[in-house]
S.K.: 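Structure incoming, see below.
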Amino acid sequence: MAEVISISVSIAAFVLSGVTAWLTLFRRGTVRMTQPSVIFFGHDGSTHRPDTTDDKKVYLRTLLYATSKSGRMVENMFVRVYRAETSQTFSFWAYGERSSLAPGSGLFVPEDGVTYNHHFVLPADGTTFHFLAGEYTVEVFASLVARPGINTLKLFSTQLIVSQQHAEQLTKPNMGILFTWLPDVRRYHPVLLPRFPSQERW
């Protein structure tokens, strides 16, 4: 009987070790993101993209985290915006603080996550875009390193409303809409801003 118990304990320990090794060493997991605290529609108003003819941008602040102990490497990110039958990809990605933005050429995401400001502007191919009045769907995508078979991973999707009044103001340089997440009612509240918001505003 004692021998049976000993063998059972050994098998259980071996299985537990295997599961632990899989969770910590072999399981690749994926990347996820939290609800962005703010989303911004407007003009870039900076000089980090002098090759861009249209300075429209989408900005958000969020936490990215990995579902594996070893973390994951994000190769690139982009935002796609839909309104009615129109869609536009904001494909140039930069992240960091406003005073030290860097083009997103890779970002390691650990299990406990990283919080950054993420800026997405139009590609430098002459593309133009206008934030017209209506309901928008905003989707955030990421490309993960060594993720065979799948090019992109959708991290987040939400709906935002741009009123006619706000759309008219967005035609002016340096104007924008800051959508602030209200967790108690689970919706975004839009506020028109005369310039791009500094982080000290929230």
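Just so you know, residue 1 is the first one in the sequence shown, and it goes up from there.
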S.K.: Transitively linked via ILVMFWY side-chain contacts under 4.5 Å: M77 with V81?
M.R.: yes
S.K.: For atom CZ of R32, is the number of surrounding heavy atoms from other residues, nucleotides or ligands below 6.0 Å larger than 12?
M.R.: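 Check fails, neighbour count at 12 or below.
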S.K.: Taking L64 as the starting point, is it possible to reach W181 by hopping between hydrophobic residues whose side chains are less than 4.5 Å apart?
M.R.: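 Looking at the clustering, L64 is in the same group as W181.
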S.K.: Applying a strict under-4.5 Å side-chain criterion to I, L, V, M, F, W and Y, I'd like to know whether L144 and V109 cluster together.
M.R.: yes
S.K.: Which pair of non-hydrogen atoms, one from Q164 and one from A133, has the smallest distance, and what is that distance?
M.R.: OE1-CB, 3.4 Å
S.K.: Out of curiosity, L193 CG to N174 CG, how far, rounded to the nearest 0.5 Å?
M.R.: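 Rounded to the nearest 0.5 Å, the CG-CG separation comes to 11.5 Å.
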S.K.: Where does the angle between the aromatic ring planes of F40 and Y59 fall among parallel (under 30°), tilted (30 to 60°) and perpendicular (over 60°)?
M.R.: perpendicular
S.K.: How many angstroms lie between OH in Y136 and CZ in F41, if you round to the nearest 0.5 Å?
M.R.: 7.0 Å
S.K.: Over all heavy atoms of both residues, which pair between L63 and D112 is shortest? Give the atoms and the distance, please.
M.R.: CD1-O, 4.4 Å
S.K.: Which atom names give the shortest non-hydrogen contact between V31 and L153, and what distance separates them?
M.R.: O-CD2, 3.5 Å
S.K.: Taking all atoms of both residues into account, what is the closest heavy-atom pair of L132 and R83, and its distance?
M.R.: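 Shortest heavy-atom contact: CD1-NH2, 3.2 Å.
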S.K.: Could you work out, with side chain to side chain contact (heavy atoms under 4.5 Å, CB included) as the rule, every residue matching R80, not counting sequence neighbours?
M.R.: F78, Y82, T89, F141
S.K.: Kindly compute the distance separating NZ (K56) from CZ (F90), expressed to the nearest 0.5 Å.
M.R.: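 One finds 8.5 Å between NZ of K56 and CZ of F90.
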S.K.: List the steps, then state whether side-chain contact (heavy atoms from CB on, under 4.5 Å) holds for H166 with I161.
M.R.: CA-CA 10 Å; H166 285 175; I161 301 294; over 6 Å; no
S.K.: For a 4.5 angstrom cut-off between non-hydrogen side-chain atoms, does V162 reach F179?
M.R.: yes
S.K.: Could you give me the CA-CA distance, side-chain angles and deciding distance for L60 and V38, then say whether side-chain contact (heavy atoms from CB on, under 4.5 Å) is met?
M.R.: CA-CA 5 Å; L60 56 90; V38 292; 6.0 Å; no
S.K.: Return the orientation label for the H118 and F120 ring planes: parallel under 30°, perpendicular over 60°, tilted otherwise.
M.R.: parallel
S.K.: To the nearest 0.5 Å, how far apart are OH in Y95 and NE2 in H119?
M.R.: 12.0 Å
S.K.: Using a 3.5 Å distance criterion without hydrogens, assess whether the side chain of H43 forms a donor-acceptor pair with backbone atoms of L170.
M.R.: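 Checked: pair present.
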S.K.: How long is the straight-line distance from CZ of F131 back to CG of L160, given to the nearest 0.5 Å?
M.R.: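 Output value for this atom pair is 10.0 Å.
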S.K.: Can you see which heavy atom on T62 is nearest to which on T34, and at what distance?
M.R.: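 Result for this residue pair: OG1-O, 2.8 Å.
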S.K.: So which heavy atom on F156 is nearest to which on I39, and how close?
M.R.: CE2-CD1, 4.3 Å
S.K.: Looking at OH of Y188 and CD of Q35, how far apart are the two atoms once the value is rounded to the nearest 0.5 Å?
M.R.: 4.0 Å
S.K.: Please confirm whether the backbone N or O of V138 pairs with a side-chain atom of T158, one donor and one acceptor, at under 3.5 Å?
M.R.: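 Between the backbone of V138 and the side chain of T158 there is no qualifying donor-acceptor contact (under 3.5 Å).
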